[in-house]
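Note sheet for the following structure.
Order of the sequence lines sets the chain letters (A, B, ...), proteins ahead of strands, with each chain counted from 1.
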2 protein chains.
Amino acid sequence: MPRPSAPSPRNGTAAPCVEEVDTSFLETLIGYNARRAALAVIDVFLERMAPYGLRPVDFSVLSLVAHNPGITSRQLCATLGILPPNLVGMVNALEQRELLARKPHPRDGRAMGLHLTPGGQKLVRDAEKTAAALEAEVGARLTAAELQTLLRLLKKVYGSD
Amino acid sequence: MPRPSAPSPRNGTAAPCVEEVDTSFLETLIGYNARRAALAVIDVFLERMAPYGLRPVDFSVLSLVAHNPGITSRQLCATLGILPPNLVGMVNALEQRELLARKPHPRDGRAMGLHLTPGGQKLVRDAEKTAAALEAEVGARLTAAELQTLLRLLKKVYGSD
DNA sequence: TATTGTTATACTCTATAACTATA
DNA sequence: TATAGTTATAGAGTATAACAATA
């Protein structure tokens with residue numbers, strides 16, 4: 001590890017080196033901090049969801065279908081910021097695992113409504129419990145009030161207020 | 001929220017459909033909200049940095065080199081969570097644009113210290129001003145106190161406290 | 001004509017293995 | 001032996017264009 005100042009006296013034109021990285025400017029940026037926080041939480045999320053064979057995006061899809069039976073691909077895409085071509089494979093995979101099923105939309109022949117199978121419902125129940133537990137765990141670094149504040153401010157930032 | 005009740009009276013075994021998507025569960029999760037906030041801010045960041053020819057990661061690299069002259073690739077990678085093989089191309093590109101330069105590390109023959117050129121210094125000054133302005137703009141949805149709180153809580157979440 | 005779901009495809013980002021030169 | 005930087009490459013994630021069926 002480099003040690004510039006004190007020890008080496010003769011330092012005429014020598015290139016400096018860095019002991020401890022100064023990140024103070026980046027740390028003033030919302031984007032930088034929000035991204036780091038998201039990655040930290042999602043890392044843990046990824047581990048805890050592995051036993052269910054779910055990535056974060058799979059969990060999001062299944063959870064939305066659970067709370068919105070009959071939701072269409074288009075609605076899922078708009079909600080999660082996924083592009084339609086990229087959702088197709090995910091839904092196919094979840095359907096092959098018999099976690100969800102496509103059913104004809106009652107009033108739009110073009111669309112397919114998505115529904116959980118009984119197995120999918122059980123999986124989502126368990127996975128949501130795990131997610132809530134993880135949330136409490138990560139939230140242990142914060143007080144309950146801080147957690148509420150954090151969620152409120154984040155929603156303000158991205159406009160869901 | 002599913003609303004099977006009011007509009008369609010005869011609804012014997014028909015599959016339900018969704019009027020307005022209920023995201024209330026996902027919105028209780030820190031990861032979901034932090035990711036959405038990060039993406040929203042980074043989207044604007046991407047637009048504003050385009051005139052400088054910088055992606056967010058390029059900005060982060062240049063800003064860190066500016067505030068840490070002589071920083072090594074290894075230190076950059078550790079700070080930004082980038083893998084060494086993926087940093088090489090970025091540094092090469094920035095070096096070819098004559099924004100930064102590799103110089104031999106004063107005490108470790110294996111390492112190269114990174115330094116901004118005069119042109120790089122000017123670009124970073126301008127880009128950081130733009131970033132700060134953007135921050136104030138996004139922060140306009142929040143009060144100054146809320147912004148400080150948000151940054152503090154995010155740092156608590158990812159452990160930089 | 002516009003929209004839903006889909007295919008094919010390209011591009012970017014991220015991850016792994018292995019090599020070199022120095023320590 | 002371990003580490004810094006690099007190369008090559010594989011994989012995941014994200015993007016656009018175009019098509020068939022339906023509105």
Side-chain angles (χ1 to χ4, degrees), chain A residues 1-3 15 17-18 21 35-36 38-39 42-43 45-47 49-50 53-61 65 70-96 100-115, chain B residues 15 17-18 21 35-36 38-39 42-43 45-47 49-50 53-61 65 68 70-96 100-115:
Chain A
M1 292 70 179
R3 295 274 266 18
C17 57
V18 175
V21 178
R35 181 165 184 275
R36 287 202 57 173
L39 289 179
I42 290 172
D43 263 8
F45 199 90
L46 223 129
E47 291 172 17
M49 286 299 148
L54 299 179
R55 298 164 303 164
V57 64
D58 297 315
F59 173 84
S60 300
V61 166
V65 175
I71 191 173
T72 66
S73 295
R74 180 95 178 75
Q75 289 174 312
L76 271 179
C77 286
T79 304
L80 294 176
I82 302 171
L83 291 171
N86 300 327
L87 182 66
V88 177
M90 302 180 204
V91 172
N92 282 341
L94 295 172
E95 194 173 29
Q96 274 183 318
L100 59 76
R102 292 174 166 99
K103 294 184 187 174
H105 191 283
R107 288 197 311 279
D108 188 335
R110 298 168 301 181
M112 298 294 287
L114 299 177
H115 302 263
Chain B
C17 57
V18 175
V21 178
R35 181 163 184 278
R36 286 202 55 173
L39 289 179
I42 289 172
D43 263 8
F45 199 90
L46 224 129
E47 291 172 17
M49 287 298 150
L54 300 179
R55 298 164 303 164
V57 65
D58 298 315
F59 173 84
S60 299
V61 167
V65 174
N68 301 272
I71 191 173
T72 66
S73 294
R74 179 94 177 72
Q75 290 174 311
L76 271 179
C77 286
T79 305
L80 294 176
I82 302 173
L83 292 171
N86 299 327
L87 183 66
V88 176
M90 301 180 206
V91 172
N92 283 341
L94 295 172
E95 196 173 26
Q96 276 183 316
L100 58 76
R102 292 173 165 98
K103 295 183 187 176
H105 191 282
R107 288 196 311 281
D108 188 335
R110 299 169 300 182
M112 298 293 287
L114 300 178
H115 303 264

Suppose we screen for side-chain contact (heavy atoms from CB on, under 4.5 Å). Which residues come up paired with [X], at least two apart in sequence or across chains?
| X | value |
| --- | --- |
| L39(B) | R35(B) |
| M112(B) | R102(B) |
| R55(B) | V57(B), D58(B), M90(B) |
| P106(B) | C17(A) |

What integer distance in Å separates [X]:[atom1] from [N]:[atom2]?
| X | N | atom1 | atom2 | value |
| --- | --- | --- | --- | --- |
| H105(A) | dA23(D) | NE2 | P | 11 Å |
| R107(A) | dT22(D) | CZ | P | 18 Å |
| I82(B) | dT12(C) | CD1 | C1' | 14 Å |
| I42(A) | dC13(C) | CD1 | P | 17 Å |
| L83(A) | dA17(D) | CG | C1' | 13 Å |

* To do: Give me the bend of the helix from dT1(C)-dA23(D) to dA23(C)-dT1(D), using the axes of the five pairs at each end, rounded to 10°.
  => 10°
* **Minimum side-chain heavy-atom gap L83(A)-C77(A) below 4.5 Å** => no
* Quick one: does Q75(B)'s side chain have a donor or acceptor within less than 3.5 Å of a partner on V21(A)'s backbone? -> no
* Structure fact -> Hits for salt bridge (Lys or Arg N to Asp or Glu O under 4.0 Å) against D43(B), two or more places apart or cross-chain, chain-then-number order -> none
Between the protein and nucleotides 1-4 of chain D, list every N/O to N/O distance that falls short of 3.5 Å.
from: dT3(D); atom 1: O4'; to: R110(B); atom 2: NH1; distance (Å): 3.4
from: dT3(D); atom 1: O2; to: R110(B); atom 2: NH1; distance (Å): 2.9
from: dA4(D); atom 1: OP1; to: R74(B); atom 2: NE; distance (Å): 3.4
from: dA4(D); atom 1: OP2; to: R74(B); atom 2: NE; distance (Å): 2.5

Nearest heavy atoms of [X] and [Y], plus distance in Å:
| X | Y | result |
| --- | --- | --- |
| T72(A) | H105(A) | CG2-CD2, 3.7 Å |
| A15(A) | P104(B) | CB-O, 4.2 Å |
| I71(B) | V18(A) | N-CG2, 3.5 Å |

* Looking at CG of L100(B) and CG of L94(B), how far apart are the two atoms once the value is rounded to the nearest 0.5 Å? -> 5.0 Å
Is there any protein nitrogen or oxygen under 3.5 Å from a nitrogen or oxygen in nucleotides 11-13 of chain D, and what are the pairs?
from: dG13(D); atom 1: OP2; to: R55(A); atom 2: NH1; distance (Å): 2.8

* L76(B)/I82(B) under side-chain contact (heavy atoms from CB on, under 4.5 Å): CA gap, chis, key distance, verdict -> CA-CA 8 Å; L76(B) 271 179; I82(B) 302 173; over 6 Å; no
* Asked: Can you tell me if the side-chain N/O atoms of R102(A) get under 4.0 Å from OP1 or OP2 in dT4(C)?
  -> no
* Structure fact -> Numerically ordered, the residues 85-95 of chain B set in heavy-atom contact under 4.0 Å with DNA chain C is P85(B), N86(B)
* Do any pairs count as a side chain to side chain donor-acceptor pair (under 3.5 Å) and have a residue in residues 76-90 of chain B, sequence neighbours left out, and if so which ones? -> none
